[in-house]
Protein chains: 2
Amino acid sequence: MLKRVIRSEKFLFVPDKDFKKNLKRLLGFLPRHYKLYQLAFVHKSASQVVFHNIKVNNERLEFLGDAILDSLIAEFLFHKFPDHDEGFLTRMRSKIVNRDNLNLIAIKLGISNMVISKTANDNHRSIYGDALEALLGALYLDKGYNQTKKLVGERIIQNHINLNKLLDTETDFKSRIIEWAQKNKRTIHFTSFEETDDQNHAPIFIAHLLIGDEIFGRGSGSSKKEAEQNAARQALQLIEG
Amino acid sequence: MLKRVIRSEKFLFVPDKDFKKNLKRLLGFLPRHYKLYQLAFVHKSASQVVFHNIKVNNERLEFLGDAILDSLIAEFLFHKFPDHDEGFLTRMRSKIVNRDNLNLIAIKLGISNMVISKTANDNHRSIYGDALEALLGALYLDKGYNQTKKLVGERIIQNHINLNKLLDTETDFKSRIIEWAQKNKRTIHFTSFEETDDQNHAPIFIAHLLIGDEIFGRGSGSSKKEAEQNAARQALQLIEG
């Protein structure tokens, strides 16, 4: 099957020493079928036309690698958070595999030096992340699932995913509801007020979160910020069920 | 790690002989850790509350199995259609793994008899497909990627996926553009007319496809149908880029 995937190999550029060196650095070994890996770095804008007018670039490998990466991150999160529901797991995964984050990881891995493209703007927001996914697709075809899992675990998850930081954004309910509102084109706003009692206790803050004109969340706390977070959490529970 | 996944096993129902028989029929073998597989059939509505108020049902396994299935179908299509681009692969995959289709496959596999739910409406459109994904998640945890791949290949792809039928819908550009319009809440319509020339050649049909008031596609053909298909194809190219 490999043959079919890389049957266009003779059309591809001859790799220079740097390519092989970079690839070895990325993978930890130099693969025998390195032409397959070369394809992973060919951006659509630098597509090579082969027989039957078929263009080759890294998009098919990206399709495959994207799915494999989703699986591997799903499995990682499944084990890492045994007590969290699938809504949490889904949100955490999308924070990890979103375009911007993957692109950043790809740049840190040095992939930006390896991509061949002819776009005016190499900073296109996902070009490197896409190449990273394509690289995983190539690795999967060449070495199978377990080797790909090993690489993703050791070189991506371990070095480039900060779970604590992701968890922080997860518990930032206010950001999440604002994100939700932007995505769903709804207007939301918070109102808050302070309550004090006659016995000189510390004031309590009360916040309401309105979507349109309707109150979707109420929260209280010892600060306005805390009250708003609690109101946002309640609204998210209503929305996300 | 398995221990953590099924630590709630003592809360689960005791499987009767039918469950084991059905499971064996589904998988082709009777797994040792069958309690993990039981969980795959527990719908959210029949969640079991375990310590710390944590509810267990099949949703976490479904999250995992969904990702694994996506990978396996991606790989299958990647090899099956070596000359098609990733847009085609993506569309074909979504036809295979969409809710309705997976649900139908699950019913054909007999999963509907195994699901435990307390919903008023067991015909909820994806309850069986979700359980099928959860079953794949359980199989993956128990036996690994390659065993899951084998099962998906032999019991799902081979028996329940009709590629020719899927390809027919793929080349039905008119249906695709109508589907797109419904999804994106746009109105489209076709206009067509016949052209004949003075030399008594066969008439040529010309069709235009309008989205709103604007022409998005032009097509010609020896029949009205062919002309409309060509107009729809052109519009799809514009839309999908």
Side-chain angles (χ1 to χ4, degrees), chain A residues 1-8 44 47 50-93 97 130 133-134 136-138 140-141 144-149 241, chain B residues 1-8 44 47 50-93 97 130 133-134 136-138 140-141 144-149 241:
Chain A
M1 286 200 279
L2 263 186
K3 204 179 58 192
R4 293 280 281 167
V5 179
I6 56 164
R7 66 183 185 182
S8 54
K44 189 181 181 180
S47 296
V50 296
F51 52 90
H52 297 310
N53 286 329
I54 293 166
K55 285 181 182 179
V56 290
N57 55 50
N58 67 1
E59 291 189 318
R60 279 171 48 87
L61 286 174
E62 180 201 336
F63 166 76
L64 186 61
D66 171 84
I68 305 290
L69 181 63
D70 267 13
S71 284
L72 292 170
I73 300 296
E75 184 185 1
F76 165 69
L77 293 170
F78 185 93
H79 290 304
K80 191 82 189 171
F81 299 103
D83 296 331
H84 284 75
D85 68 16
E86 82 300 340
F88 171 89
L89 299 176
T90 304
R91 288 193 300 277
M92 287 293 276
R93 181 172 60 185
V97 300
D130 294 347
E133 290 182 327
L136 296 176
Y140 174 74
L141 290 173
Y145 192 78
N146 290 331
Q147 276 284 105
T148 312
K149 182 172 168 174
Chain B
M1 285 202 279
L2 263 187
K3 206 180 56 191
R4 293 281 281 165
V5 178
I6 56 165
R7 65 182 185 183
S8 53
K44 188 181 180 179
S47 296
V50 296
F51 53 91
H52 298 311
N53 286 327
I54 293 165
K55 286 181 181 178
V56 289
N57 55 48
N58 67 1
E59 290 189 320
R60 279 170 48 87
L61 285 174
E62 181 202 336
F63 166 76
L64 186 61
D66 171 86
I68 304 290
L69 181 63
D70 267 13
S71 283
L72 291 171
I73 300 295
E75 185 185 1
F76 165 69
L77 294 170
F78 185 94
H79 290 304
K80 191 81 188 173
F81 300 104
D83 296 331
H84 283 75
D85 68 16
E86 83 300 338
F88 171 89
L89 300 175
T90 304
R91 288 192 301 276
M92 287 293 277
R93 181 173 60 184
V97 300
D130 293 348
E133 289 182 328
L136 296 176
Y140 174 75
L141 290 173
Y145 192 79
N146 290 331
Q147 276 285 104
T148 313
K149 181 172 168 173

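Scanning for side chain to side chain donor-acceptor pair (under 3.5 Å) contacts around A/Asn57 gives A/Ser47, with sequence neighbours left out. Applying the side-chain contact (heavy atoms from CB on, under 4.5 Å) criterion to B/Ala74, with sequence neighbours excluded, gives A/Phe63, A/Leu64, A/Ala67, B/Arg93.
Considering NE2 of A/His79 and CG of B/Leu141, their distance stands at 5.0 Å, rounded to 0.5 Å. Atom CZ of residue A/Phe78 and atom OH of residue B/Tyr140 lie 11.0 Å apart, to the nearest 0.5 angstrom. How far CZ of B/Arg60 is from CG of A/Leu77: 9.5 Å, rounded to the nearest 0.5 Å.
Between chain A and the options B/Leu69, B/Leu89, B/Asp66, B/Ile68, heavy-atom pairs under 4.5 Å are most frequent for B/Leu89. Contact count against chain B (heavy-atom pairs under 4.5 Å) is highest for A/Thr90 among A/Asp70, A/Thr90, A/Asp85.
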